[in-house]
Amino acid sequence: MNDLILLLKYLLLGAVQGFTEPIPVSSSGHLIVVQQLIGLPHRGLAFETFLNTASLLAIVIIYREMLVRLTVNGLRYLRTRKPEYRSDFMFIVYIVVGTIPAGIIGMLFKDKIEMFFSSAKMIGLTLLITGTALWLIRNLRGVKRDGDLKLKDAIIVGLAQAVALIPGISRSGATVITSIAVGMRQETALRFSFLLYIPISLAGLVLSVTDIANDSEMSTLWAPYAAAFIASLIFTYVSMKWLMNIMEKGNLKYFAYYCLAAGLFLLFVL
């Protein structure tokens, strides 16, 4: 019975990670709070990276056609310099530029940031910040498409992604909000946000491979870990498709309501 309960708890963690990863409500913040609520010890960065890898796989599956097109056309532009391939090549450049701030800050300060902001009260405060930002941009409708982006747009959104290293500040929320704020159409903001997610998550995985391999719980909890991974993969895919539909309709205000309510709950109730 205890083994079954443990398995169900890890299934819940995977589902929470997966469902909250794409939507602008902070997956890291929810993961920390849920672990506290169900009585599981904080498993640390290695476990979070392990679950995040499942989310990464789901995002790659969803954007696989675009990733192939960008790669092929980017290489074609390098070989031929034909103008019809330049837009895709520059989109790749902007993704690389946008990844740099979070990559540098993450390598230097991620552990300290998570240690300082990992309490439920701090996550409540940062959820209030996310909710307020979502509310402020709820009616914005940008005009920039994929081919209209500039270097400054990539830098600004990249800095927002770095801020989202703080638990409770949603990575997708920070990047989508900032992308819309600098004038991107909602569908372009969504694509840019999640193509930024891919390299930063890959980098995090590479840097954490040793920690994951040396995780003392991995051998004894392989079944719960596997269940959490599968749940994270499935729920990320479903949640991302749901978010795409919401973005088409411009209903980000509902996420603002949720973040504000959850933030107040964590600050004054939990």
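Values below: every heavy atom of this structure, side chains too, minus hydrogens, waters and symmetry copies.
To the nearest 0.5 Å, the span separating CG on L252 from CG on L134 amounts to 6.0 Å. One distance of note links CD1 of I200 with CD1 of I95; it measures 11.5 Å at 0.5 Å rounding. In this structure, L266 CG and Q36 CD are separated by 9.0 Å, a value rounded to the nearest 0.5 Å. With values rounded to the nearest 0.5 angstrom, M247 atom CE is found 4.5 Å from Q186 atom CD. Residue E21 holds its CD atom at 6.5 Å from OG of S201, rounded to the nearest 0.5 Å. Separation of atoms OH (Y254) and OH (Y257) is listed at 6.5 Å; rounding is to 0.5 Å.
With a 4.5 Å cut-off on side-chain heavy atoms, L57 and Y237 do not count as touching. Residues L127 and L264 are not in side-chain contact: their nearest non-hydrogen atoms beyond the backbone lie 4.5 Å or more apart. Using a 4.5 Å heavy-atom cutoff, the side chains of L202 and V206 are not in contact. Counting only heavy atoms from C-beta outward, the side chains of T236 and P22 approach each other to under 4.5 Å. Within the 4.5 Å cutoff, side-chain heavy atoms of L243 are placed close to those of P24. Residues M240 and L190 meet the side-chain proximity criterion, which asks for heavy atoms closer than 4.5 Å. Residues T53 and F229 are in side-chain contact: their nearest non-hydrogen atoms beyond the backbone lie under 4.5 Å apart. A 4.5 Å side-chain heavy-atom check between P224 and K9 finds every atom pair outside the cut-off.
Between G158 and P101, the shortest heavy-atom contact is O-CB, 3.6 Å. When all heavy atoms of L7 and A223 are compared, the pair lying nearest together is CD1-O, 3.7 Å. Of all the heavy atoms in G98 and L196, the pair that sits closest is C-CD2, 3.5 Å. Of all heavy-atom pairs between I92 and G74, the closest is CD1-CA, 4.1 Å. Considering all non-hydrogen atoms of both residues, L233 and A54 come closest at CD1-O, 3.4 Å.
Residue pairs meeting the salt bridge (charged side-chain N to carboxylate O under 4.0 Å, His left out) criterion with at least one member in residues 186-196, sequence neighbours excluded, are D146-R191, R185-E187. Residue pairs meeting the salt bridge (charged side-chain N to carboxylate O under 4.0 Å, His left out) criterion with at least one partner in residues 71-99, sequence neighbours excluded, are R69-D88. Within the structure, every pair that satisfies the ring-ring contact (aromatic ring centres under 6.0 Å, His included) test and touches residues 79-105, not counting sequence neighbours, is listed here: Y77-F89, F91-F192.
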Full working for side chain to side chain donor-acceptor pair (under 3.5 Å) between S27 and R171: CA-CA 8 Å; S27 61; R171 191 216 65 85; over 6 Å; no
Verdict with supporting geometry, I38 and L13, side chain to side chain contact (heavy atoms under 4.5 Å, CB included): CA-CA 10 Å; I38 64 178; L13 287 183; 4.2 Å; yes
Full working for side chain to side chain contact (heavy atoms under 4.5 Å, CB included) between L149 and M90: CA-CA 9 Å; L149 305 187; M90 292 307 300; over 6 Å; no
Verdict with supporting geometry, S172 and S193, side chain to side chain donor-acceptor pair (under 3.5 Å): CA-CA 6 Å; S172 64; S193 170; 5.7 Å; no
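At least one donor-acceptor pair closer than 3.5 Å links the side chain of K144 to the backbone N or O of V182. Looking only at distances, no side-chain donor or acceptor of N245 sits under 3.5 Å from a matching main-chain atom of W242.
Both V163 and I129 are part of a single hydrophobic cluster, where members link through side-chain heavy atoms under 4.5 Å apart. Using a 4.5 Å cut-off between side-chain heavy atoms of Ile, Leu, Val, Met, Phe, Trp and Tyr, with links allowed through other members, V93 and F194 fall into the same hydrophobic cluster. Side-chain heavy atoms closer than 4.5 Å link hydrophobic residues (I, L, V, M, F, W, Y) into clusters, and following such links, even through other members, never connects I198 to L165. No continuous path of ILVMFWY side-chain contacts below 4.5 Å connects L267 to V25, so the two sit in separate hydrophobic clusters. Transitive grouping of hydrophobic side chains (ILVMFWY, heavy atoms separated by less than 4.5 Å) keeps V238 and L56 in distinct clusters.
Hydrophobic cluster of V143: no remaining members, since no ILVMFWY side chain lies below 4.5 Å from it.
Judged as a side-chain contact (heavy atoms from CB on, under 4.5 Å), and not counting sequence neighbours, the contacts of I230 are I234. For the side-chain hydrogen bond (donor to acceptor under 3.5 Å, both in side chains) test, no residue two or more places apart in sequence or in another chain qualifies with T178.
For the pairing with Y197, the side chain to side chain donor-acceptor pair (under 3.5 Å) check across T175, T99, N52 returns one residue only, N52. The ring-ring contact (aromatic ring centres under 6.0 Å, His included) with H30 is formed by just one residue from the set Y258, F19, F235; it is Y258.
Using a 3.5 Å distance cut-off with no hydrogens or angles, the side chains of S55 and S232 do pair a donor with an acceptor.
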